[in-house]
Structure formats: structure tokens, C-alpha cells
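Report on one structure; see the data block that follows.
Here is the naming used below: chain letters follow the sequence lines, and residue numbers restart at 1 for every chain.
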There are 2 protein chains.
Amino acid sequence: MLDVDRLTTVIEDFNTIFIRLPSVRRLNFSALSVLHTLHRRGPLRLTDLLATEQLKQPALTSLVAKLEQDGLVQRRPDPADGRASLLSLTSTGQELVRSRHTNRVTKLTGLVEQLTPEERAVLAGSIDVLHRLTALAEDTP
Amino acid sequence: MLDVDRLTTVIEDFNTIFIRLPSVRRLNFSALSVLHTLHRRGPLRLTDLLATEQLKQPALTSLVAKLEQDGLVQRRPDPADGRASLLSLTSTGQELVRSRHTNRVTKLTGLVEQLTPEERAVLAGSIDVLHRLTALAEDTP
DNA sequence: CCGACTTACATCGAAAATTGATATAGTCGG
DNA sequence: CCGACTATATCAATTTTCGATGTAAGTCGG
């Protein structure tokens with residue numbers, strides 16, 4: 001049987017080593033989260049971005065303004081709504097997100113190499129399930 | 001074969017739904033991280049705690065002071081070193097960490113129920129591997 | 001066991017991030 | 001085109017974080 005409680009604990013603990021990378025450009029967690037969300041979800045209005053982030057709207061407004069000044073985020077007017085803008089990553093912003101991803105891949109690769117072939121096979125098999133779990137979570141709430 | 005790149009992406013994306021819980025007591029990410037670390041690693045000196053957290057020492061000092069005032073963290077003198085104190089969670093602090101864990105378990109349970117039995121079996125099998133991966137990460141750096 | 005060095009943590013002032021309240025400007029149904 | 005609503009911006013106050021520096025306890029060679 002699947003022990004969800006233990007699965008949760010294991011993921012919580014795994015994340016302590018997965019999430020914490022030294023962040024290059026003095027970006028805090030909120031900023032990195034915004035960049036990651038924009039990377040995944042393409043152009044978003046500020047309000048839609050707000051739904052994912054643990055920030056109030058004024059904080060997000062000023063964070064986005066700062067990321068824009070840093071050349072990581074672009075905004076263009078929303079053709080469908082004069083009040084809104086569409087936010088997306090600049091190529092520099094994409095580069096940064098990719099670079100953090102690459103760091104994680106490198107780190108994980110080093111660990112995975114120490115596993116047995118059987119253990120690696122288990123991980124390989126879990127990829128699609130984790131993906132489906134994420135998709136379910138995004139549909140369900 | 002195990003595609004580490006894709007595994008990394010899948011975990012990154014999964015985390016966007018796993019990590020972000022509405023936090024009860026106005027605790028920010030740094031505070032939650034400290035509480036989680038103390039919960040996992042038992043009593044720690046400030047300097048040892050510092051190694052896990054993405055904060056500079058003065059910021060951690062004041063964060064811990066605040067958590068202490070909020071009744072979530074305790075400090076007692078380190079018997080082995082007069083300069084240091086040992087930090088640990090109060091029972092309220094433990095309660096809070098457990099409560100967040102329970103929220104995640106609830107959320108995950110709802111998702112897992114929508115999986116097929118085969119998919120659940122895959123997840124069950126991956127628990128030990130994820131655990132081992134974490135252990136490796138903590139030994140390796 | 002003493003002086004020099006190191007380590008653990010605290011303090012301080014300044015900069016940055018976040019918030020609640022409120023303003024502004026665009027949209028939409030009738 | 002009016003009133004209600006929505007998207008985002010602005011503002012002042014609070015909180016968080018930081019770099020520089022202080023203080024006190026520990027360590028270590030002679």
C-alpha cells in the first residue's frame with residue numbers, strides 16, 4: 001500500500017536539498033518563484049501570476065517592476081484588455097531559470113549515479129506518475 | 001534509462017503545488033524553513049542552522065529571536081560551549097510543522113486517489129529511493 | 001596559564017521587501 | 001454613457017535582510 005504520509009515526509013526532506021541553491025543575482029525566493037512560474041506558464045497577466053505566488057498584489061507589482069529593471073522580465077500591453085499587461089521572461093530571464101535547472105540536474109546526476117540500476121529504474125518509472133500528479137493538482141483545486 | 005533532466009523538471013513543477021500552502025501565522029518562507037529544519041534535525045546551534053538556511057547570520061539571529069517571542073522556538077545554553085545556544089522547537093512549533101505536514105498529506109491523498117492502482121504502486125516503490133537520494137545528498141557535499 | 005587568534009553570536013544602521021489602504025484607469029452590462 | 005467592477009499602481013508603515021562591527025567565550029602554542 002501507498003503510505004501518503006511517508007511519501008509526503010520523504011518529499012519534504014528531499015526538497016531541503018533540492019530547492020536550496022545559492023541564488024546568483026541576489027534574487028530571493030519570491031523572485032525565483034515568479035521567474036519559474038513565468039517560465040512554465042508563458043505570458044501571464046499580473047493578476048493571474050498573483051494566484052500562484054504567495055504575495056499580495058502591491059508586492060508583486062513592485063517585484064515585477066524590479067525584475068523588469070533587471071532585464072529578466074518583459075511586459076507588453078494585453079491587446080485584449082487596456083488595464084492589463086502580459087508578463088513574460090526575457091531571454092536573460094529564461095537563461096537564468098535554465099541555469100538553475102541545469103544546476104539541479106548536475107546535482108541530481110551526481111546522486112543518481114550512486115544508486116543501483118534497480119533504484120534508477122524505479123525513479124525512471126515514477127517520472128510519469130509525478131507528472132500526472134501535478135496535472136491532477138492543477139485541475140482539481 | 002533514467003532521464004535526470006526530465007525528472008528534475010517534473011519535481012520542479014510538482015513542487016509548485018506541493019510547497020505553496022497558505023501559511024497560517026504570517027510566517028514567511030525563511031521562517032518556515034527554519035522551523036522545518038529544527039523539526040528534522042533536532043536541537044541545533046545557530047551556526048549549524050545557518051548552514052541550511054539561505055540567510056546571513058544577523059538575519060537568522062533576529063528571525064530566531066522573533067520565533068522565540070512567538071513561542072515557536074526555544075533556546076537553552078549549550079552545555080559544551082558557553083558562547084552557543086541550542087535551538088529547538090517548542091511544542092507549539094512542532095504542532096505548527098506537523099499541521100503543515102498534515103495539510104500536505106490531505107492534499108496529496110486527494111490526488112493519489114485519482115491515480116490508478118498501478119500508478120500508486122509506482123509511487124509506493126519510489127519512496128525508499130527518494131529517501132536514499134536525500135541521504136546521499138546529505139553525505140556527499 | 002597567558003597572550004594571540006579564532007569562533008559564536010549580538011547589535012546597529014541602512015537598504016530592500018511586504019503589506020493594507022487607497023487611487024487610477026479601463027471594461028462591461030444595461 | 002452610467003454605475004459597478006476589475007487590473008494594476010502608488011503610498012506610508014512595517015518587517016526582513018544585510019554588511020560592518022562588537023563582545024564574550026573558546027582554543028592553542030609556548
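Under 3.5 Å, the side chains of T16(A) and R40(B) contain a donor-acceptor pair of N or O atoms. No donor-acceptor contact under 3.5 angstrom links the side chains of D13(A) and H131(B), judged on distance only. S30(B) and E53(B) share no donor-acceptor pair across their side chains, judged by distance under 3.5 Å alone. A donor and an acceptor atom, one from each side chain of Q94(B) and H39(B), are nowhere located under 3.5 Å apart.
Counting only distance, with no hydrogens or angles, the side chain of T37(B) and the backbone of S33(B) share a donor-acceptor pair below 3.5 Å. Judged by distance alone, with hydrogens and angles left aside, the side-chain atoms of E119(A) form a donor-acceptor pair with the main-chain N or O of T116(A) at under 3.5 Å. Side-chain atoms of R45(B) do not come within 3.5 Å of backbone N or O of L87(B) as any donor-acceptor pair. Side-chain N or O atoms of N28(A) include one that pairs as donor or acceptor with a backbone N or O of A31(A) at under 3.5 Å.
Overall, the helix from dC1(C)-dG30(D) to dG30(C)-dC1(D) carries an axis bend of 40° between its ends, with five pairs at each end and the value rounded to 10°.
Taking CG of L136(B) as the start and CD of E113(A) as the end, the distance is 11.5 Å to the nearest 0.5 Å.
Between the CD atom of E68(B) and the P atom of dC9(C) there is a distance of 13 Å, given to the nearest Å. Protein atom NZ of K66(A) is 18 Å distant from nucleotide atom P of dT10(D), rounded to whole Å. Summarising the geometry, the separation between CD on Q69(B) and P on dT15(D) is reported as 11 Å, rounded to the nearest angstrom. Look at CG on D70(A): it is 14 Å from C1' on dA17(C), rounded to the nearest Å.
Between T61(B) and dC9(C), a side-chain N or O to OP1/OP2 separation shorter than 4.0 Å is absent.
Near-neighbour residues of DNA chain D inside residues 39-51 of chain A, defined by a heavy atom below 4.0 Å, number-ordered: R45(A), L46(A), T47(A).
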Hey, what are the protein-to-nucleotides 2-4 of chain C N/O distances that come in under 3.5 Å?
none

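The salt bridge (Lys or Arg N to Asp or Glu O under 4.0 Å) test applied to D128(B) returns R6(A), not counting sequence neighbours.
Hydrophobic clustering (ILVMFWY, side-chain heavy atoms < 4.5 Å, transitive): L35(A) and I19(B) are in distinct clusters.
Looking at R100(A) and E95(A), no side-chain N of the basic residue comes within less than 4.0 Å of a carboxylate O on the acidic one, giving no salt bridge.
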_Sequence-aligned protein contact record of nucleotides 18-30 of chain C, with B where the base is within under 4.0 Å of a protein heavy atom and S where only the sugar-phosphate is_ = BBBB---BBS---
Kindly list each side-chain donor-acceptor pair under 3.5 angstrom involving residues 66-73 of chain A, sequence neighbours excluded, with atom names and distances?
| unit_1 | atom_1 | unit_2 | atom_2 | d |
| --- | --- | --- | --- | --- |
| E68(A) | OE1 | R75(A) | NH1 | 3.2 |

